[in-house]
Amino acid sequence: MHTYIEDIAAHEGAEVTLKGWLHNRRSSGKIHFLILRDGTGFIQAVMSKAAVGDEMFKAADHLSQETSVIVTGTARADTRAPGGYEIDVKTLEVVGESHDYPITPKEHGVDYLLDRRHLWIRNERQQAILRVRHEIINAVRDFFNTRGFILADTPIFTPAACEGTTTLFPAQYFEEQTAYLTQSGQLYNEANAMALGRVYCFGPTFRAEKSKTRRHLTEFWMVEPEMAYADLNDVMDLAEGLVVSVVERVLDKRRRELGVLERDTSKLEAVKPPFPRMSYDEAVKRLNEQGLSFEWGGDFGGPDETMLAQQFDRPMMVHHFPAAIKAFYMKPDPARPELALGVDVLAPEGYGEIIGGGERLADLDLLVARIREHHLPQEAFEWYVDLRRYGTVPHGGFGMGIERVVAWICGLEHVRETIPYPRMLYRLYP
RNA sequence: UCCUCAGUAGCUCAAUGGCAGAGCAUCCGGCUGUUAACCGGAGGGUUGCUGGUUCGAGUCCAGCCUGAGGAGCCA
């Protein structure tokens with residue numbers, strides 16, 4: 001049995017064994033300060049020459065960064081310790097040596113760190129981010145699971161594009177057929193919703209876009225809920241509830257990690273319902289009032305999204321987009337067919353779009369016409385069209401990009417730090 | 001794909017067209033309360049690559065390579 005650092009408070013005054021790695025070391029002539037980490041936290045182990053004797057003290061002289069060690073000693077409360085506790089070392093055993101660890105306590109460039117991502121994640125800050133990511137994913141799953149949604153995952157190998165526009169990663173599929181890595185579970189989700197009522201899928205998504213920005217990865221994780229018998233308002237209510245629930249959960253369970261990241265939590269505490277909801281028409285008007293010349297009919301760029309979101313202290317929604325800039329499966333507004341019943345959720349503080357979705361096109365004839373207009377091969381979509389042939393109903397849902405949500409909640413500059421091994425244009429290692 | 005910027009010691013960065021430097025890391029020595037500990041010493045260089053201008057190029061010019069930020073596209 002050994003003790004995890006996160007549980008140290010329960011062992012005050014007792015002798016404990018910690019198993020971990022040496023994170024850093026400071027030394028004086030007759031006293032060593034060894035910073036240990038074990039994946040659950042960091043703690044300072046104090047080794048005095050008088051307590052352990054010359055031999056063990058000298059052996060600890062040359063312990064280097066990331067040496068794996070087993071330390072036994074007494075847990076002691078100490079106001080000088082950042083975590084409130086220290087260990088007075090009785091014995092120390094080296095499990096595995098570490099020489100010339102490449103990530104030193106000083107600064108490093110992003111490229112250098114990404115080439116050593118497998119080691120970079122040992123860093124306290126990176127650990128905090130990955131813990132928040134874990135909490136966000138759990139919060140998302142709990143949100144849907146406690147509301148009657150069924151997890152029904154969609155395939156990663158797909159026969160054709162879900163949305164004709166973006167580029168796909170091809171893969172050889174047995175003999176003569178090419179498969180593509182999924183760029184959205186959307187279409188399969190609709191079929192699943194017709195079977196199970198309310199569903200969600202949660203998995204990796206692949207986009208072969210040559211995007212080179214702080215908001216893009218080629219491989220990212222997306223959660224996509226879909227509801228039968230739902231309209232645009234139901235979709236917006238669901239998106240709002242999800243975001244509020246996730247932020248509350250992180251504030252509740254991961255305060256310590258947000259502190260490590262120096263996140264201004266007052267910005268997150270402001271994330272309360274209701275979120276402002278604004279039509280595309282209104283958004284265009286606002287942009288022009290703010291001095292950005294934006295023409296009706298275009299899609300928002302980064303600066304446009306930032307300008308819109310900056311006017312509020314919580315996420316905002318833009319709905320009723322021009323149909324021309326949205327996917328073929330979006331339902332047109334019956335009152336104004338040039339508009340699509342889609343919605344985007346924009347995160348505050350300039351983080352941009354975190355959710356995109358809306359009400360789907362449920363009418364058979366119109367869907368077939370749209371597939372033709374978009375020059376998509378109808379044979380590949382016959383199964384999807386079937387959903388309109390056999391008991392079609394109003395339905396809708398959305399997709400939420402996990403990495404963008406993590407970046408926003410953690411207050412990060414770039415989504416590359418939000419996933420253990422980011423895949424980007426020009427980056428496939430490690 | 002386009003635009004902008006960057007590339008010098010293991011790492012982070014200095015160096016007016018004129019001797020290649022500092023901090024950290026590593027190694028040696030000192031220190032019983034350090035918090036990216038501190039103090040003293042040592043080793044460490046094909047200045048991304050190729051060519052050009054010049055008495056002389058890390059520095060100026062051209063091309064290429066690699067990366068970053070942004071655009072487009074999207075979550």
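Every chain is numbered from 1, with letters handed out A, B, ... down the list of sequences. Below, all heavy atoms of this structure are taken into account, side chains as well, without hydrogens, waters or symmetry copies.
Consecutive Watson-Crick or G-U pairing (both distances under 3.5 Å) extending over three or more pairs maps onto RNA chain B as B:1-7 with B:65-71, B:10-13 with B:21-24, B:26-30 with B:38-42, B:48-52 with B:60-64.
Residue contacts shown for Ala50(A) include a base, since a base heavy atom lies under 4.0 Å away. Nucleic acid contact for Gln44(A): base, since at least one base atom lies under 4.0 Å from a heavy atom of the residue. Heavy atoms of Ile355(A) sit under 4.0 angstrom from primed sugar atoms or phosphate atoms, though from no base atom. Across all strands shown, Asp344(A) has no heavy atoms under 4.0 Å from either base or sugar-phosphate atoms. Arg125(A) comes within 4.0 angstrom of no nucleic acid atom, judged by non-hydrogen atoms across all strands. Counting non-hydrogen atoms under 4.0 angstrom, Met222(A) reaches the backbone sugars and phosphates but no base. If you check every strand for non-hydrogen atoms under 4.0 Å, His216(A) touches a base. Nucleic acid contact class of Lys49(A) (heavy atoms, under 4.0 Å, all strands): none.
Residue Arg26(A) has no polar side-chain atom (N or O) positioned under 4.0 Å from OP1 or OP2 of U34(B).
Donor-acceptor pairing under 3.5 Å, judged by distance alone, is present between the side chain of Glu86(A) and the base of G33(B).
The number of heavy-atom neighbours closer than 6.0 Å to NZ of Lys253(A), taken from other residues, nucleotides and ligands shown, is 12 or below. Open room surrounds OH on Tyr4(A); 12 or fewer heavy atoms of other groups in view lie less than 6.0 Å from it.
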Query raised in the report: Using a cut-off of 4.0 Å between protein heavy atoms and nucleotide atoms, how would you tag nucleotides 6-13 of chain B 5' to 3' with B, S and -?
Result: ----SSS-

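Distances from the side chain of Asp299(A) to the nucleotides C74(B), G69(B), A75(B) place C74(B) closest.
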